[in-house]
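Some notes on the structure that comes next.
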Amino acid sequence: MSQSRNIPPTVLIIGSGVFGLGTAYALAQRLEYRNTKITLLDRLEFPAQDASSIDSSRIVRPDYPDAAYSKLASQARKYWRRDFGADGRYTESGLCLLLDETDENNGRDYLNKSLENVRDKLGLKVGRREEGGKITVLNDLSDIREVIKGMDGDLGRCGYVNWTSGWAQAEDAMKYLRTLVEETGRVKFRRTELKQLLFKNGDTVEGAELTSGEQVTADLTILATGAWTPKFLDLRGIASASGQILTYLDLTQEEQDRLGSNPSILNESNGMFIIQPSNRVLKVARHGYGYANPTTIPHPERPESGEEITVSLPRTKTDDPNLNVPLEGTKACREFLARYLPDLADRPFTHTRICWYTDTPNSDWLIDYHPKYKGLFVTTGGSGHAYKFLPIIGDRIVDVLSGKDRNQFGAELRKKWQWPKQKFRQDHVWTDGWRGGRKGMVLDEELTRAKL
Ligand SMILES: Cc1cc2nc3c(=O)[nH]c(=O)nc-3n(C[C@H](O)[C@H](O)[C@H](O)COP(=O)(O)OP(=O)(O)OC[C@H]3O[C@@H](n4cnc5c(N)ncnc54)[C@H](O)[C@@H]3O)c2cc1C
């Protein structure tokens with residue numbers, strides 16, 4: 001990394017999701033940035049309803065095969081257990097990770113390594129919950145049925161429950177963080193849309209050009225536009241938007257009472273998951289390879305050149321209010337329901353949503369200065385797992401930004417998040433080991449198929 005770490009007099013953060021808002025909060029609190037003017041802009045009113053960071057729930061778990069994320073998640077959880085998670089923003093329901101007999105996506109490896117980490121590196125006690133166990137290993141279907149009540153379907157072959165995992169009310173916690181940022185009085189919020197970065201001399205970014213035509217200059221521009229980021233930089237082979245399916249259905253009070261104290265369920269063999277039902281709503285979703293939405297755009301770094309590139313970008317209900325999950329996706333959720341909760345298999349979905357991951361080839365985030373453009377720092381690449389770090393992610397981002405590690409394993413994290421030396425040869429369709437659904441699905445093809 002070659003960029004100067006001088007304290008910038010002005011910082012422009014673009015994107016107010018977990019990465020952007022988290023960065024704003026950490027910057028606003030650090031003494032060395034006390035004279036820095038911080039502006040945070042987003043294209044939509046906060047909370048942006050199609051942002052990845054905004055939803056009814058996100059799983060909070062230290063269950064990672066990678067010990068660094070596991071430890072980082074366990075640090076974040078301390079905050080979830082305190083103020084951050086108060087007033088219903090965090091529920092420590094437990095998380096049950098399951099495997100099927102057939103495990104085409106190699107979720108077994110992910111699960112076994114995660115178990116090793118939480119047991120051996122985090123030191124969580126193994127045993128039955130009633131006996132103080134934090135991790136309960138499930139060796140067969142009857143073990144699974146003992147921890148998941150009121151579901152007598154074909155739940156899986158084996159797995160474990162981590163009783164120290166839970167879920168966050170994602171939108172509420174984002175609102176909580178926004179209030180904390182507002183209270184610092186240090187951040188100017190603007191609702192306005194980035195058109196393109198302001199490139200100068202082919203080696204510097206000086207701020208942003210907005211769709212209104214206005215130019216906002218800054219000594220440091222921080223791009224935190226989530227799955228939209230490939231619209232503003234050529235990230236082919238580095239980061240790409242993949243559309244993931246979410247479905248919601250209403251429960252009766254009797255069903256809520258029957259299912260409401262269960263842990264959330266993650267099937268690592270097919271990527272399907274059910275969050276602990278709350279307020280009589282059940283959410284069924286898939287951690288999948290997702291849909292690509294190939295879009296041809298002017299080359300974002302050379303917009304005047306006439307050159308075009310094709311990248312996957314989000315399409316959301318903001319673009320098309322009638323956009324719903326394709327039939328392929330609702331079928332996957334129905335089949336999962338038919339297996340786990342047969343009595344709900346035909347219950348209409350109250351709504352469905354395609355929510356966009358910013359995938360990287362190995363699911364590590366991308367948090368670094370741009371290797372080519374001075375004045376540009378990029379923080380994205382959540383890859384479907386960054387939400388849980390909300391209370392601490394900004395601090396880690398500012399560690400990288402300022403070159404000062406405050407975390408005991410900061411150097412290890414910095415290495416993971418650094419700008420890749422090589423682009424992956426294929427753009428899109430990468431895997432972190434346990435994605436579900438078909439590989440290589442294209443959103444338009446799946447939407448058309450549904451109409452045939
Ligand atoms: C379906 C789904 C399930 C997930 N489940 C989990 C989970 O259980 N646990 C977990 O830890 N993580 C989970 N994640 C991942 C987590 O939610 C994301 O990693 C995280 O929210 C990404 O934050 P972000 O800031 O990168 O993106 P976003 O939250 O999308 O923020 C990007 C912001 O940039 C703004 N923006 C975009 N373009 C422009 C522009 N031109 N001008 C101005 N602003 C712009 C957008 O409006 C948006 O507000 C899940 C993600 C999805 C999609």
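Note: hydrogens, waters and symmetry copies are ignored here, and every other heavy atom, side chains too, is used. Small disclaimer: the values here were computed from a predicted structure and weren't measured. Counting starts at 1 for both ligands and their atoms, following the listed order.
- Exactly one of D405, D368, N407, D399 qualifies for a side chain to side chain donor-acceptor pair (under 3.5 Å) with R414. That residue is D405.
- Results of the salt bridge (Lys or Arg N to Asp or Glu O under 4.0 Å) test with D234 over K423, K372, R302 single out K423 as the only residue that passes.
- Checking S52, G226, G17 against atom 30 (O) of ligand 1, the nearest heavy atom belongs to S52.
- Shown in contact with G382 at under 4.0 Å from a heavy atom are these atoms of ligand 1, numbered in order with element: 19 (O).
- Around atom 2 (C) of ligand 1, the closest heavy atom drawn from W365, Y357, Y69 belongs to Y357.
- Smallest separation of non-hydrogen atoms from S383 and D364: OG-O, 4.4 Å.
- Inclusion of S383 in the set of residues having an N or O under 3.5 Å from an N or O of ligand 1 is not warranted.
- Distances shorter than 4.0 angstrom occur between a heavy atom of S16 and an atom of ligand 1.
- Taking every heavy atom of T192 and a limit of under 4.0 angstrom, the matching atoms of ligand 1 come to 43 (C).
- Close contacts of ligand 1 with I59, meaning ligand atoms under 4.0 Å from a residue heavy atom, involve 7 (C), 8 (O), 9 (N), 10 (C), 11 (O).
- Residue nearest to atom 32 (C) of ligand 1, selected from A208, A224, S53: A224 (by heavy-atom distance).
- Protein heavy atom in closest approach to atom 44 (N) of ligand 1: R43 N, 3.0 Å.
- Interface atoms of ligand 1 facing K388, defined by a heavy-atom separation under 4.0 Å, are 9 (N), 10 (C), 11 (O).
- The shortest side-chain heavy-atom distance between F19 and T225 does not fall under the 4.5 Å cut-off.
- Using a cut-off of 4.0 Å between Lys/Arg side-chain N and Asp/Glu carboxylate O, R178 and E182 are scored as salt-bridged.
- You'll find the ring centres of F389 and W365 inside the 6.0 Å limit.
- Heavy atoms from both the backbone and the side chain of F19 come within less than 4.0 Å of ligand 1.
- Judged by distance alone, with hydrogens and angles left aside, the side-chain atoms of S269 form no donor-acceptor pair with the main-chain N or O of G107 at under 3.5 Å.
- Using a 4.0 Å cutoff on heavy atoms, G384 counts as a contact of ligand 1.
- Screening E328, E445, E446 for a salt bridge (Lys or Arg N to Asp or Glu O under 4.0 Å) with R438, the sole residue that qualifies is E446.
- Ring centroid separation for the pair Y357 and H385 does not come in under the 6.0 Å cut-off.
- A ring-centre distance under 6.0 Å is found for F84 and Y176.
- A heavy-atom separation below 4.0 Å is not found between T358 and ligand 1.
- Judged by the shortest distance from any of its heavy atoms, F232 lies inside the 4.0 Å radius around the atoms of ligand 1.
- Annotation for ligand 1: atoms under 4.0 Å from non-hydrogen atoms of G15 are 33 (C), 34 (O), 35 (C).
- In Y79, the OH atom is not crowded: 12 or fewer heavy atoms of neighbouring residues, nucleotides or ligands sit closer than 6.0 Å.
- Ligand 1 has an N or O atom lying under 3.5 Å from an N or O atom of L194, backbone or side chain.
- For the pair D50 and ligand 1, no heavy-atom separation below 4.0 Å is found.
- For the pair D42 and ligand 1, the shortest N or O to N or O distance falls below 3.5 Å.
- Q276 and S278 are not linked by any side-chain donor-acceptor pair at a separation below 3.5 angstrom, with hydrogens and angles left out of the test.
- Nearest to atom 3 (C) of ligand 1 by heavy-atom distance, out of R190, K195, R58, E45, is R58.
- Annotation: L44 places no N or O atom under 3.5 Å from an N or O atom of ligand 1; distance criterion only.
- Going from atom OH of Y340 over to atom CE of M272 covers 9.5 Å, rounded to the nearest 0.5 Å.
- Residue contacts with ligand 1: H385 is placed with a nitrogen or oxygen under 3.5 Å of a nitrogen or oxygen of the ligand (distance criterion only).
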